[in-house]
4 protein chains.
Amino acid sequence: MEFTEKQLQILEIAETLFAAKGFEGTSVRDIAEKAGINVAMISYYFGSKEKLLEALFKSRIGSVQVRMENLIKDQSLSPLQKINLLIDEYVERVLQHENFFKIMVTEQLITKNPSVLSSLKQLKLRNVELITQLIKEGQKKNMFRKKVDVVMMVNTMIGTVWQTTMNRDFYFELHPAPVGSTDSANTILIKRKLSIHIKALFKVILTHEA
Amino acid sequence: MEFTEKQLQILEIAETLFAAKGFEGTSVRDIAEKAGINVAMISYYFGSKEKLLEALFKSRIGSVQVRMENLIKDQSLSPLQKINLLIDEYVERVLQHENFFKIMVTEQLITKNPSVLSSLKQLKLRNVELITQLIKEGQKKNMFRKKVDVVMMVNTMIGTVWQTTMNRDFYFELHPAPVGSTDSANTILIKRKLSIHIKALFKVILTHEA
Amino acid sequence: MEFTEKQLQILEIAETLFAAKGFEGTSVRDIAEKAGINVAMISYYFGSKEKLLEALFKSRIGSVQVRMENLIKDQSLSPLQKINLLIDEYVERVLQHENFFKIMVTEQLITKNPSVLSSLKQLKLRNVELITQLIKEGQKKNMFRKKVDVVMMVNTMIGTVWQTTMNRDFYFELHPAPVGSTDSANTILIKRKLSIHIKALFKVILTHEA
Amino acid sequence: MEFTEKQLQILEIAETLFAAKGFEGTSVRDIAEKAGINVAMISYYFGSKEKLLEALFKSRIGSVQVRMENLIKDQSLSPLQKINLLIDEYVERVLQHENFFKIMVTEQLITKNPSVLSSLKQLKLRNVELITQLIKEGQKKNMFRKKVDVVMMVNTMIGTVWQTTMNRDFYFELHPAPVGSTDSANTILIKRKLSIHIKALFKVILTHEA
DNA sequence: AATGAATGAGCGTTCATTCAT
DNA sequence: CATGAATGAACGCTCATTCAT
């Protein structure tokens with residue numbers, strides 16, 4: 001799971017291209033050209049185009065997992081605070097790695113690659129586990145309702161974030177941002193909107209209070 | 001926009017394959033073989049592989065629009081009832097055309113095909129318009145809150161439905177269905193869960209009551 | 001060798017297209033479309049695309065031969081007058097059927113079609129025969145030199161006419177025609193130039209006098 | 001404009017095949033097979049079949065131009081001697097590159113390829129320019145007539161050479177060569193005949209003396 | 001007599017990968 | 001360690017032709 005400088009550079013370029021044109025729609029020549037390397041290098045460094053994708057998943061997913069784990073252990077926060085932090089964390093993560101998120105969404109539907117599938121499943125499982133743990137904590141303290149469908153909750157979070165980021169342009173067509181506002185300003189706006197929206201939803205789901 | 005029997009058959013097979021392997025990952029030979037026709041027929045009937053995809057979008061999207069339009073005009077229903085019906089309608093539609101929905105999701109991210117993009121945009125716009133109309137009706141009757149972010153609402157609905165259906169298998173691994181339960185039974189279960197879940201969310205969003 | 005109205009119409013269109021894009025470069029669909037008939041008609045009427053070409057050769061070559069034959073029998077003309085008439089006749093014929101001439105030139109170099117080849121050979125033979133006869137007549141009357149290479153003479157006539165008509169545009173770029181002069185006016189100009197030029201050459205070849 | 005050993009080999013084979021079957025009639029698979037290489041190599045080396053043709057034109061035309069240029073500068077020769085040398089040079093060149101000449105003739109009539117067309121035009125212009133220069137020299141020395149149509153003159157040269165070489169077989173059917181005479185012996189014979197014939201014609205055109 | 005549907009073969013090109021150096 | 005040349009397979013598409021009606 002350790003990559004050389006060159007490999008990381010290739011991964012980054014591959015990520016951009018896969019996101020823009022899809023895995024099948026991106027040729028190794030595209031990647032090689034953009035990376036300023038020989039076509040043969042992709043096979044040389046990663047074994048195959050398929051394995052390059054696997055490497056991308058391992059690299060990106062691996063780097064994500066760590067931060068969330070620590071959150072749950074923090075004793076100074078209430079369960080709901082933890083949930084809210086987790087939402088912010090997730091929104092932040094997706095918006096920051098939009099390209100990889102795109103790839104994840106499409107590959108999830110199409111790929112038969114076992115390595116990719118297992119990476120994805122592991123990630124999903126961990127997500128559900130984490131939230132389940134947080135919720136149980138809140139239930140023990142009588143702060144959350146008894147019956148909560150965690151999977152559905154997670155689906156709402158992931159789905160809403162996905163749908164919102166993927167249709168970001170559409171959103172700004174209906175709600176035009178102030179003239180001259182930068183792309184990164186818009187990103188911050190979207191993040192805030194998402195955060196507030198999802199937190200409100202989760203609060204209802206968990207506490208039954210609006 | 002009228003298709004012959006043969007064309008419809010090809011569209012159906014193409015839909016299955018595009019959903020399973022993506023547009024780029026599906027060759028016209030794949031389609032031809034599964035449809036029991038000659039490769040040349042795809043070009044013969046649709047002009048090109050690209051135009052076959054466009055035809056698929058036009059055919060599927062066109063057939064959907066009608067039912068929703070009538071809903072809003074029904075004077076015997078309260079605004080919330082209409083919203084709830086619309087949710088059921090949407091859930092039903094997606095679950096029934098899962099394959100096309102898959103294609104829509106992936107192509108939306110990747111395609112540069114102007115015809116496909118415009119079909120998609122038009123569909124999204126119509127969705128937002130319809131719901132906006134419903135909400136305004138509710139607001140006039142003082143049944144809904146004043147400030148509702150319709151786009152975010154729609155994103156939650158679409159995103160949740162998508163995330164749930166696309167991860168249906170994952171769901172049943174965590175919540176095993178009774179042994180021997182059929183696939184269509186599971187579909188009904190998912191539909192009900194989605195319907196209840198989203199209705200609850202929308203009620204809060206619209207009325208501020210849990 | 002008898003063609004129906006429809007067949008003649010197809011032949012005419014095929015002639016135009018073959019001249020413009022070559023035999024291989026022209027598809028039966030091109031022809032059918034331009035003729036407003038079904039693709040199947042080409043095979044139906046002529047048997048095949050190849051046989052359509054054969055038919056074109058037979059039809060066009062057949063119609064040409066007749067006029068020249070009479071020329072030689074005319075007793076009121078001197079041998080040189082006959083030669084000059086023959087030159088005019090040839091120039092006229094080529095310029096009038098430029099398209100077919102184009103096809104003849106290209107197919108001559110490429111085709112392996114035995115029917116086409118034999119049509120061409122027969123035409124060439126007849127040309128040489130005719131001129132040989134005329135020259136012998138002149139020699140008998142001591143008006144022409146004894147040693148004349150008829151084939152080379154014919155080559156110069158055919159070659160010059162061909163090279164001139166095929167480069168007609170190039171010619172008018174170097175010698176711009178008066179502004180507003182029509183295409184048919186230019187054709188007449190080219191005809192006259194060719195006629196004078198070749199007659200002068202032939203006179204020298206045949207009589208050794210400039 | 002520099003080609004590798006392999007590229008030159010492919011160009012040579014392509015030249016033979018294009019001459020024999022035409023550009024459209026020759027498939028890249030034909031070329032690849034005859035060259036003992038993979039089909040993909042044609043695209044790899046030249047970009048496309050079309051560009052292979054362009055490369056052929058550039059390579060062949062480029063190599064020709066040089067020799068003629070020097071001729072005109074030679075002060076020790078009279079204008080008529082120069083013209084005669086130029087004729088020999090041209091005859092020699094065409095007979096030596098008969099295949100390319102064939103391709104030139106056919107493509108000239110059919111191609112829409114702008115690169116090929118411009119190569120051809122440039123070549124024709126240079127030819128006319130060169131001869132014009134030679135003739136002016138002769139006119140200044142009062143050795144040539146005042147009114148000479150250079151384009152028509154060049155047309156006669158090119159046309160006669162073309163018509164003669166392209167019908168070489170036909171010629172030898174009418175004037176059978178001695179039994180056992182080789183092909184190259186026949187070529188020399190044709191060259192001599194052409195040289196004498198055209199020189200005689202040009203002499204008349206230029207000096208009005210037979 | 002004439003057609004539209006359908007076919008199989010072949011087209012030029014691009015693909016991911018391999019291999020000799 | 002890295003490369004550029006080369007490969008075979010597959011790509012989407014067009015071709016002339018056939019055949020049932």
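Numbers restart at 1 for each chain; the letters A, B, ... are given by sequence-line order, proteins then strands.
- Under the side chain to side chain donor-acceptor pair (under 3.5 Å) criterion, N113(D) pairs with E50(D), E54(D), sequence neighbours left out.
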Got a list of protein N/O to nucleotides 17-21 of chain F N/O distances below 3.5 Å?
from    : atom 1 : to     : atom 2 : distance (Å)
dT17(F) : OP2    : K49(C) : N      : 2.8

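- Rounded to whole Å, atom P of dT3(E) lies 8 Å from atom NZ of K6(C).
- With pairs defined as Watson-Crick or G-U wobble and both atom distances under 3.5 Å, the stems of at least three pairs that touch DNA chain E come out as E:2-21 with F:2-21.
- The interatomic distance linking L53(D) (CG) with dT13(E) (P) rounds to 12 Å, in whole Å.
- Applying the salt bridge (Lys or Arg N to Asp or Glu O under 4.0 Å) test to pairs two or more places apart or on separate chains, those with a residue in residues 4-20 of chain A are E15(A)-R60(A).
- One atom, CG of D30(A), and another, C1' of dT14(E), lie 11 Å apart when rounded to the nearest Å.
- Considering only residues two or more places apart in sequence or on other chains, S27(C) meets the side-chain contact (heavy atoms from CB on, under 4.5 Å) condition with R29(C), D30(C).
- Residues that satisfy the side-chain contact (heavy atoms from CB on, under 4.5 Å) test with Q7(B), not counting sequence neighbours, are F3(B), T4(B), Y45(B), F46(B).
- OP1 and OP2 of dT14(F) both lie 4.0 Å or more from every side-chain N or O belonging to S27(C).
- Within the nucleic acid shown, F46(A) has no heavy atom closer than 4.0 Å to any nucleic acid atom.
- Straight-line distance from the CD1 atom of I37(C) to the P atom of dA16(F): 13 Å, rounded to whole Å.
- Between atom NZ of residue K121(D) and atom CG of residue D169(C) there is a gap of 8.5 Å, rounded to the nearest 0.5 Å.
- Residues satisfying the side chain to side chain donor-acceptor pair (under 3.5 Å) test with E24(A), not counting sequence neighbours, are none.
- Counting any heavy atom pair closer than 4.0 Å across all strands shown, T26(B) reaches sugar-phosphate atoms only and no base atom.
- Looking at residues two or more places apart in sequence or on another chain, you find no ring pair (Phe, Tyr, Trp, His ring centres under 6.0 Å) involving F101(A).
- Proximity of the aromatic rings of F100(A) and F18(A) is defined here by a centroid distance below 6.0 angstrom, and this criterion is not met.
- Applying the salt bridge (Lys or Arg N to Asp or Glu O under 4.0 Å) test to every pair with at least one member in residues 105-117 of chain D, sequence neighbours left out, gives no pairs at all.
- Residues satisfying the side-chain contact (heavy atoms from CB on, under 4.5 Å) test with A19(D), not counting sequence neighbours, are N99(D), K102(D), I103(D).
- For residues 110-118 of chain B, proximity to DNA chain E is found at no residue, defined as any non-hydrogen atom under 4.0 angstrom from a strand atom.
- Computed from coordinates, the M41(D) CE to dA9(F) P distance equals 16 Å when rounded to whole Å.
- Per the geometry, CZ belonging to F23(B) stands 12 Å off C1' belonging to dC11(F), to the nearest Å.
- V28(B) is linked by a side-chain contact (heavy atoms from CB on, under 4.5 Å) to V39(B), I42(B), K49(B), counting only residues two or more places apart in sequence or in another chain.
- Nucleotide dT14(F) holds its P atom 18 Å from the CD atom of E24(C), rounded to whole Å.
- Taking atom CD of E54(C) as the reference point, atom C1' of dA16(F) lies 15 Å away to the nearest angstrom.
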